[in-house]
Protein chains: 2
Amino acid sequence: MTFDEFQQLVRFSIQDIYRETFAENRESIRVKKEKTAVKNLGLIFDATLHISNNKGFRSMTMRDLSRESGLSMGALYAYFSSKDKLLEMLQHQRRTVTRRILKERINAETDPTAKLRTAIQTHLYLSEVMQPWFYFSYMEAKNLKNSEGQKAIASELYTEKIIEEILKQGKDKGVFEISDQQLTASIIKAMIQDWYLKRWKYAKRNVSVDRYARLVLEFVEAFCLKNHVSEGTLL
Amino acid sequence: MTFDEFQQLVRFSIQDIYRETFAENRESIRVKKEKTAVKNLGLIFDATLHISNNKGFRSMTMRDLSRESGLSMGALYAYFSSKDKLLEMLQHQRRTVTRRILKERINAETDPTAKLRTAIQTHLYLSEVMQPWFYFSYMEAKNLKNSEGQKAIASELYTEKIIEEILKQGKDKGVFEISDQQLTASIIKAMIQDWYLKRWKYAKRNVSVDRYARLVLEFVEAFCLKNHVSEGTLL
DNA sequence: GTCTATATACGGATAGAC
DNA sequence: GTCTATCCGTATATAGAC
């Protein structure tokens, strides 16, 4: 699977996220006309991610957000009740979408090597489409209050657990040779995360997501595959 | 080299950092008695790292810092002229120490495999001793203003460059088999960083830094070493 | 539905006593 | 060298006009 194929296959757009957000928050959002609401949620989210990812969510003032989104302070509060709620909404949407698509794609595969490859690629491709969201989620996770903070931790462990399970299956079937699935899964996750955490670096160097994915897979393959012969088996 | 050996070998303590900070900022620090100043810088840095790493530097108020450090607001400003300057001091010290020790340890080795092993271990061990500092540096990098922001980026690229150079040497000597040193170095760096970025996770699971280092080395070895035979060569 | 204007509080920084 | 008290700008959030 390449990034292009992924996009054709999954066919989801950031627009869908705005629509979904509106649907899930009909009660609290004071604007009732869907078309307006979805459009403005888009402006708000885009502006929030843009400003926050440059100087931090806490440093972004409501005046900043008002200026960049083109909506007045008053109008902004028709979409969320507080700045913290806005943070929660962004975090929630990112989590929901990730889980749904990851699950969907991995379940489409059967054998461990294919599952592992798909998990890694899908996660990378997803983070490519939603890079600002993933970066934001990671960087602002610790700024969340209690219950939301718990969800952020759970989310971090969620994808790791998925990889761990796949490694375990492969080990049981005798395909993988690993001593510690959990730690191995953690490290694989770290490699995946670097893609959206250091996006600026890779962009500057013209490293495409496909090239990055290939190298991660080569790394993982070299480490996990039994009787690994140079390359190709996992790719 | 194990973590214990590293500590014996390097013999540096966080106390040294406080002393160094005082020495480098004699002019701007209004407190002139070394003993008092070093003690209070310790209290200030510890409190800043503790609070910031839990809810972000921007969210930490001077009142928070005053409470946790045990110094009054007025006293705090005898050690730095503004909250931003405090951020800069922390970033600067972390960078300086890292560079000095990394350079020192790597230059002590000659052949590429030993250099690579030492680079990875030293970085991990350093980040173990100074975990709060490394975490802070990473998370607050984007909150820095222009010139300091540039330094943060340069610092990110610095260690990566070190690894890249080692990989290149090894490739030239025919020891490593890698197609893209730069991207490989990036990924190795990502694995190293995960150790201090997800410290809470590894602590909870009782993963020691030695165990983590071993796995990273196994990963790297599996990928880089020519005619890799199961294990042992790089370890 | 969206705007402007403003209430209210909180944060960084300092003055001046001890 | 350190403290308390306070100044003043700025931030979030809302009231009320349009």
Side-chain angles (χ1 to χ4, degrees), chain A residues 18 21-22 25-45 47-48 51-52 54-90 140 143-145, chain B residues 18 21-22 25-48 51-52 54-90 140 143-145 148:
Chain A
Y18 305 148
T21 310
F22 176 66
N25 297 279
R26 265 179 207 280
E27 291 105 56
S28 57
I29 294 177
R30 282 208 301 277
V31 178
K32 296 303 172 196
K33 221 194 321 176
E34 169 151 8
K35 204 179 158 187
T36 335
V38 170
K39 188 196 72 183
N40 286 340
L41 279 173
L43 291 170
I44 294 169
F45 284 0
T48 303
I51 304 168
S52 298
N54 274 305
K55 60 176 190 180
F57 182 76
R58 198 72 180 9
S59 299
M60 175 192 77
T61 69
M62 293 304 289
R63 284 174 181 81
D64 287 339
L65 182 54
S66 166
R67 196 179 327 114
E68 179 136 347
S69 67
L71 290 157
S72 68
M73 304 261 298
L76 290 174
Y77 281 93
Y79 294 89
F80 49 82
S81 57
S82 74
K83 206 184 159 193
D84 271 351
K85 260 270 166 289
L86 170 61
L87 175 57
E88 280 181 34
M89 280 168 73
L90 281 159
E140 306 298 341
N143 299 335
L144 293 162
K145 313 284 172 207
Chain B
Y18 305 148
T21 309
F22 176 65
N25 297 278
R26 266 180 207 281
E27 291 106 56
S28 58
I29 294 177
R30 281 208 302 276
V31 178
K32 295 304 172 195
K33 224 197 315 180
E34 169 152 6
K35 204 179 157 186
T36 337
V38 171
K39 187 197 74 182
N40 286 340
L41 278 174
L43 291 170
I44 293 169
F45 284 179
D46 286 356
T48 304
I51 304 167
S52 297
N54 273 306
K55 60 177 190 178
F57 182 77
R58 200 72 182 4
S59 299
M60 174 191 77
T61 69
M62 292 305 291
R63 286 167 181 81
D64 287 339
L65 182 54
S66 166
R67 197 179 327 113
E68 179 137 346
S69 68
L71 291 157
S72 69
M73 303 260 298
L76 289 174
Y77 280 93
Y79 294 89
F80 49 81
S81 58
S82 74
K83 204 185 160 194
D84 271 351
K85 260 271 169 284
L86 171 61
L87 175 57
E88 280 181 35
M89 283 168 73
L90 282 160
E140 306 298 341
N143 299 335
L144 293 163
K145 312 286 171 203
E148 284 295 315

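A, B, ... follow the sequence lines: proteins, then strands. Residue 1 opens every chain.
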**Request:** Specify the residue among A:Arg58 and B:Leu76 whose closest nucleotide of DNA chain D lies further upstream toward the 5′ end.
**Result:**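 Of the two residues, B:Leu76 wins.
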In whole Å, what is the span from the [atom1] atom of [X] to the [atom2] atom of [N]?
{"X": "A:Arg30", "N": "D:dA13", "atom1": "CZ", "atom2": "P", "result": "13 Å"}
{"X": "A:Asp84", "N": "D:dA13", "atom1": "CG", "atom2": "P", "result": "7 Å"}
{"X": "B:Asp64", "N": "C:dA13", "atom1": "CG", "atom2": "C1'", "result": "16 Å"}
{"X": "B:Lys35", "N": "D:dT2", "atom1": "NZ", "atom2": "P", "result": "13 Å"}
{"X": "A:Phe80", "N": "D:dT14", "atom1": "CZ", "atom2": "C1'", "result": "13 Å"}
{"X": "A:Arg67", "N": "D:dT10", "atom1": "CZ", "atom2": "C1'", "result": "13 Å"}
{"X": "A:Met62", "N": "C:dA9", "atom1": "CE", "atom2": "P", "result": "19 Å"}
{"X": "A:Lys83", "N": "D:dA13", "atom1": "NZ", "atom2": "P", "result": "8 Å"}

**Item:** Distance (rounded to the nearest 0.5 Å) between A:Met62 CE and A:Met73 CE
**Value:**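 Here the interatomic distance stands at 6.0 Å.
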**Message:** On the six-membered ring of A:Phe22, is A:Lys35 placed so that its NZ or CZ lies under 6.0 angstrom from the centre and within 45° of the ring axis?
**Reply:** no
Side chain of [X] only, heavy atoms from C-beta on: which candidate in [options] is closest?
{"X": "A:Arg63", "options": "D:dT6, C:dT2, C:dT6", "answer": "C:dT6"}
{"X": "A:Thr61", "options": "C:dA5, D:dG1, D:dA11", "answer": "D:dA11"}
{"X": "A:Ser72", "options": "C:dC3, C:dG11, D:dG1", "answer": "C:dC3"}
{"X": "A:Thr36", "options": "C:dT2, D:dT4, D:dT12", "answer": "C:dT2"}
{"X": "B:Ala75", "options": "C:dC3, C:dA13, D:dC3", "answer": "D:dC3"}
{"X": "B:Tyr79", "options": "C:dC3, C:dG12, D:dT2", "answer": "D:dT2"}
{"X": "B:Tyr77", "options": "C:dG12, D:dA11, D:dG1", "answer": "C:dG12"}

**side chain to side chain contact (heavy atoms under 4.5 Å, CB included) between A:Leu65 and A:Leu76, worked out** = CA-CA 9 Å; A:Leu65 182 54; A:Leu76 290 174; 4.0 Å; yes
**Item:** Residues A:Tyr79, A:Leu86; criterion side chain to side chain contact (heavy atoms under 4.5 Å, CB included); working and verdict
**Value:** CA-CA 8 Å; A:Tyr79 294 89; A:Leu86 170 61; over 6 Å; no
**Request:** Please lay out, stage by stage, how A:Lys85 and A:Glu88 fare under the test salt bridge (charged side-chain N to carboxylate O under 4.0 Å, His left out).
**Result:** CA-CA 5 Å; A:Lys85 260 270 166 289; A:Glu88 280 181 34; 3.2 Å; yes
